[in-house]
Amino acid sequence: MQLAADKYIRLALEEDINSEDVTTNSVMPEYKKGEVQLICKEDGIIAGLPIFERVFLLLDPRTKVTFDVKDGDRVEKGRHLATVTGDIRVLLSGERTALNYLQRMSGIATYTNTVVKLLEGTRTKLLDTRKTTPCMRIFEKYAVRVGGGNNHRYNLSDGILLKDNHIDATGGVKEAIAAAKAYAPFVRRIEVETENLSMVREAVEAGADIIMLDNMTPGQMAEAVKLIDGRAETECSGNITRENIRAITETGVDYVSSGALTHSAPILDISLKHLRAVE
């Protein structure tokens with residue numbers, strides 16, 4: 001992950017420090033060793049500690065981060081998470097970027113975990129989507145996994161998903177599936193988005209591997225699952241919430257995908273506090 005992540009972390013640092021941290025340099029013109037404490041200010045699931053650490057290491061590889069927890073741990077308000085030791089200028093300049101990653105990723109992991117718990121005892125698996133923050137996908141999808149969810153395709157090169165506009169462009173479900181089968185390598189599974197039972201029937205007959213039931217009511221989903229009868233895997237999507245997800249799983253679908261995991265999760269409040277000079 002580090003190879004892919006570093007380029008994005010560097011961009012984030014360059015966004016925040018395009019020439020210098022003028023505030024820090026004005027009050028701390030020379031090297032002085034210090035340490036600061038990472039404190040969680042609300043209950044949640046921690047995700048992104050390696051990214052938090054990497055921010056400081058890219059600024060100065062001599063920085064040391066000592067963790068008291070690991071990704072995936074459930075923490076309570078007031079919990080001490082880590083101590084960061086190094087050049088005080090680095091601790092100050094890297095603080096906001098490091099916390100932005102950790103707060104965002106921990107928020108996604110926490111929100112995902114609340115939804116995963118609603119699926120306990122069912123056979124349905126929770127998936128994320130491509131509705132991620134630009135240049136944050138690698139971090140946000142990792143956070144979903146830490147929270148107990150599963151990743152859908154990572155990007156457009158990762159799998160075939162024929163959505164409404166693909167179907168419209170080719171003239172129908174049958175035509176879109178046929179085109180995908182003719183073009184794609186045989187190792188690629190084909191998923192198709194359907195909006196009604198007629199489209200579901202056409203997708204089954206055309207040999208789709210996965211059929212997405214998009215914006216259907218639980219009753220329509222149940223009918224669709226019965227119609228498919230195991231001939232394809234099933235995924236439901238569209239307006240999935242914590243309030244309705246349990247009713248949806250009772251339809252027998254294999255997967256539930258939710259963009260809210262990444263686009264609507266609130267951050268987890270985490271702070272760096274009590275910075276002090278040390279010998």
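Note that this is a predicted model, so its numbers are computed, not measured. In this chain, numbering begins with 1 at the start of the sequence shown.
Ile270 is listed as a side-chain neighbour of Ile46, based on a closest heavy-atom distance under 4.5 Å. Taking the side chain as every heavy atom from C-beta outward, Tyr8 and Ile51 never approach each other to under 4.5 Å. Ile45 has its side chain out of reach of Ser106: every pair of non-hydrogen atoms, C-beta onward, lies at least 4.5 Å apart. Using a 4.5 Å heavy-atom threshold, the side chains of Leu58 and Arg10 count as touching. No side-chain heavy atom of Met212 sits less than 4.5 Å from a side-chain heavy atom of Glu195. Taking 4.5 Å as the limit, some side-chain heavy atom of Asn113 sits within range of a side-chain heavy atom of Arg74. By the 4.5 Å heavy-atom criterion applied to side chains, Thr262 and Thr133 are not counted as neighbours. Contact annotation: the side chain of Leu268 approaches that of Cys40 to within less than 4.5 Å [non-hydrogen atoms, C-beta and beyond].
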Checklist entry - How far apart are the C-alpha atoms of Glu53 and Phe67, what are their side-chain angles, what is the distance that settles it, and do they pass the side chain to side chain contact (heavy atoms under 4.5 Å, CB included) test? => result CA-CA 10 Å; Glu53 179 182 36; Phe67 292 111; 3.9 Å; yes
Item to check | Test log, rule salt bridge (Lys or Arg N to Asp or Glu O under 4.0 Å), inputs Asp87 and Lys33 | outcome: CA-CA 5 Å; Asp87 187 338; Lys33 186 177 180 180; over 6 Å; no
Checklist entry - Can you check side chain to side chain contact (heavy atoms under 4.5 Å, CB included) on Thr66 and Thr85, steps first, answer last? => result CA-CA 8 Å; Thr66 304; Thr85 307; 5.8 Å; no
Next on the checklist: Please determine whether side chain to side chain contact (heavy atoms under 4.5 Å, CB included) holds for the pair Leu13 and Leu59, giving the CA-CA distance in whole Å, both sets of side-chain angles, and the decisive distance to 0.1 Å.
Outcome noted: CA-CA 9 Å; Leu13 285 168; Leu59 288 170; 4.1 Å; yes
Next on the checklist: I'd like to know whether Arg153 forms a side chain to side chain contact (heavy atoms under 4.5 Å, CB included) with Leu161, so could you lay out the CA-CA distance, the side-chain angles of the two residues, the decisive distance to 0.1 Å, and finally the verdict.
Outcome noted: CA-CA 9 Å; Arg153 58 178 180 163; Leu161 174 49; 3.6 Å; yes
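Using modelled atom types and a 3.5 Å distance limit, the side chains of Asp71 and Tyr142 yield a donor-acceptor pair. Thr129 and Ser257 form no side-chain donor-acceptor contact under 3.5 Å, judged by distance and modelled atom types alone. Side-chain contact, His274 with Glu35: no donor N or O sits under 3.5 Å from an acceptor N or O. Between the side chains of Thr234 and Asp254, at least one donor N or O sits under 3.5 Å from an acceptor N or O. Judged purely by distance below 3.5 Å, without hydrogens or angles, the side chains of Arg104 and Asn100 never pair a donor atom with an acceptor atom.
Using a distance-only test at 3.5 Å, with no hydrogens or angles considered, a donor-acceptor pair links the side chain of Gln220 to the main chain of Thr217. Between the side chain of Asp43 and the backbone N or O of Lys77 there is at least one donor-acceptor pair closer than 3.5 Å. Between the side chain of Thr170 and the backbone N or O of Ile167 there is at least one donor-acceptor pair closer than 3.5 Å. With hydrogens and angles disregarded, no donor-acceptor distance shorter than 3.5 Å links the side chain of Arg189 to the backbone of Asp209. Side-chain atoms of Thr124 come within 3.5 Å of backbone N or O of Val253 as a donor-acceptor pair. Side-chain atoms of Thr63 do not come within 3.5 Å of backbone N or O of Gly86 as any donor-acceptor pair. Proximity of a side-chain donor or acceptor of Arg231 to a complementary backbone N or O of Leu227 within less than 3.5 Å is detected. Here the side chain of Asp73 pairs no donor or acceptor atom with the backbone of Val75 at under 3.5 angstrom.
Salt-bridge formation is not detected for the pair Glu30/Arg89: no Lys NZ or Arg NE/NH1/NH2 atom is positioned less than 4.0 Å from an Asp or Glu carboxylate oxygen. Under the 4.0 Å criterion applied to side-chain N and carboxylate O atoms, Asp16 and Arg96 are not assigned as salt-bridge partners. Salt-bridge annotation for Lys163 and Glu193: present, with a side-chain N of the basic residue lying under 4.0 Å from a carboxylate O of the acidic one. Lys141 and Asp128 are joined by a salt bridge, as a carboxylate oxygen and a charged side-chain nitrogen come within less than 4.0 angstrom of each other.
In terms of heavy-atom proximity, Ile88 sits nearest to Met28 at CG2-CE, 4.0 Å. What you find for Ile211 and Ala203 is that their closest heavy atoms are CD1-CB, 3.9 Å. Residues Thr112 and Val144 come closest through the heavy atom pair CG2-O, 3.6 Å. Scanning both residues, Lys174 and Ala206, for their nearest heavy atoms gives CA-CB, 4.2 Å. In terms of heavy-atom proximity, Ile177 sits nearest to Ile190 at O-CD1, 4.2 Å. Minimum interatomic distance between Thr251 and Pro218 (heavy atoms only, all atoms of both residues): CG2-O, 3.3 Å.
Residue Val225 is not grouped with residue Ile210 when hydrophobic side chains (ILVMFWY) are merged at heavy-atom distances under 4.5 angstrom, including chains of intermediate members. Under a hydrophobic clustering in which Ile, Leu, Val, Met, Phe, Trp and Tyr are joined whenever their side-chain heavy atoms come within less than 4.5 Å, directly or via other members, Val115 and Met221 fall into the same cluster. Residues Leu57 and Val55 fall into different hydrophobic clusters, defined by Ile, Leu, Val, Met, Phe, Trp and Tyr side chains chained together at heavy-atom separations under 4.5 Å. Hydrophobic cluster membership differs between Leu127 and Ile228, with clusters built from Ile, Leu, Val, Met, Phe, Trp and Tyr side chains linked at under 4.5 angstrom. Hydrophobic clustering (ILVMFWY, side-chain heavy atoms < 4.5 Å, transitive): Tyr111 and Ile267 are in distinct clusters.
Annotation: the span from Lys273 atom NZ to Lys41 atom NZ amounts to 5.5 Å, rounded to 0.5 Å. Atom CG of Asn150 and atom NZ of Lys125 lie 6.0 Å apart (nearest 0.5 Å). Note that the CG atom of Leu102 and the CG atom of Leu272 stand 8.5 Å from one another [nearest 0.5 Å]. Here Thr97 contributes atom OG1 and Glu14 contributes atom CD; the two are 11.0 Å apart, rounded to the nearest 0.5 Å. Rounding to the nearest 0.5 angstrom, the gap separating the CG atom in Leu261 from the CG atom in Asn151 is 10.0 Å.
Enclosure of atom CZ in Arg246 by more than 12 non-hydrogen atoms of other residues, nucleotides or ligands within 6.0 angstrom is indicated.
Annotation: Tyr101 is in aromatic contact with Phe139 [ring centroid separation under 6.0 Å].
Applying the side chain to side chain contact (heavy atoms under 4.5 Å, CB included) criterion to His80, with sequence neighbours excluded, gives Gln37, Ile39, Asp68, Thr83.
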